[in-house]
Amino acid sequence: MRRIPLFALSLTFALLLSGCGAETPAPTEDTGVLRCDGIYCYIRDFDSNGLMNNYALRFYEDGTVIHASVEQREKYSTYFPSESWFNREDEHYAELLGSYELDGGGGITLTTFAPQGSVDYKGTVQPDRLVLNSRSNINGTEFTGCEYVFYPFDKLSG
């Protein structure tokens, strides 16, 4: 009897780690190096409303960052921002530009914006991921230890 629930739990965990429908890239040795040739994605599990929340960050070398979030209702649907529209030149994101700073020791702070307000983040840059704590200045929601896995654009479809 224990094999089925454990198998189901393992399968669910594997699907969540699949990174918005793309295969997780192999880690590199670039500790503390922020990448600007793709996106960092955090997948939050289904909430009490039956929604899966995916969050993506895209960084630019000049200290600019943009943020996207998507709610999904279907368990096996996948979402990944496309390089063609998830960029600061897109009219939608042009008004939502945030900023980030690196401290030189692997730390990062950033602020993203939405029409309702801003979200502040603080964390670390690790090989092919960010580990971030955040606080919404919109509704006070806080998250700790969220892992945003890096996905290079050349490995994403669309």
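Sequence positions, counted from 1, serve as the residue numbers for this chain. Remember, it's a predicted structure, so these values are computed and weren't measured experimentally.
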ask   = If you draw a 6.0 Å radius around CD in E89, do more than 12 non-hydrogen atoms from other residues or ligands fall strictly inside?
value = yes
task = Calculate, to the nearest 0.5 Å, the distance between atoms OG1 and CG belonging to T111 and L97 respectively.
result = 13.0 Å
inquiry  = Go through it in stages, so that I can follow the logic: the residues are V149 and C41, the test is side chain to side chain contact (heavy atoms under 4.5 Å, CB included), and I'd like the CA-CA distance, side-chain angles, deciding distance and then a yes or no.
reply    = CA-CA 5 Å; V149 176; C41 186; 5.8 Å; no
remark   = Rounded to the nearest 0.5 Å, the CZ atom of R129 sits from the SG atom of C146 at a distance of 12.5 Å
key: Closest non-hydrogen atom pair between A114 and L96, with its separation   = CA-CD2, 3.8 Å
message = Parallel, tilted or perpendicular, judged at 30° and 60°: which one describes the rings of Y121 and Y148?
response = perpendicular
ask   = Is NZ or CZ of R88 both nearer than 6.0 Å to the six-membered ring centre of Y60 and within 45° of the ring axis?
value = yes
request  = Begin from the C-alpha positions of T124 and I108 and carry the test side chain to side chain contact (heavy atoms under 4.5 Å, CB included) through to its verdict.
outcome  = CA-CA 6 Å; T124 59; I108 185 171; over 6 Å; no
ask   = For N137 and S118, what are the C-alpha separation, side-chain angles and deciding distance, and is it a side-chain hydrogen bond (donor to acceptor under 3.5 Å, both in side chains)?
value = CA-CA 5 Å; N137 299 309; S118 63; 2.9 Å; yes
request  = Measure the spacing between OH of Y151 and CD1 of I39 and express it to the nearest 0.5 Å.
outcome  = 8.5 Å
request  = State plainly whether one hydrophobic cluster holds both Y100 and F113, where clusters connect Ile, Leu, Val, Met, Phe, Trp and Tyr through side-chain heavy atoms under 4.5 angstrom apart.
outcome  = no
message = Any heavy-atom pair between the side chains of N87 and R58 that's under 4.5 Å?
response = yes
task = Would you kindly confirm whether V131 and Y42 end up in one hydrophobic cluster when ILVMFWY residues are joined by side chain heavy atoms under 4.5 Å apart?
result = no
task = Kindly assign one of parallel, tilted or perpendicular to the pair Y40 and F59, based on the angle between their ring planes and the thresholds 30° and 60°.
result = perpendicular
note = Taken to the nearest 0.5 Å, the spacing of D120 CG from T109 OG1 works out to 9.0 Å
query = For the hydrophobic clusters of this structure (ILVMFWY residues joined by side-chain heavy atoms under 4.5 Å, transitively), does one cluster hold both L132 and L34?
reply = yes
ask   = With side chains defined as the heavy atoms from C-beta onward, is the minimum distance between S136 and E142 less than 4.5 Å?
value = no
Sidechain-backbone polar pair: D128 side chain, F150 backbone, donor-acceptor under 3.5 Å = no
task = May I ask you to test the L57-L110 pair for a side-chain heavy-atom distance under 4.5 Å?
result = yes
key: Inter-residue atom distance E101.CD - K122.NZ, 0.5 Å rounding   = 10.0 Å
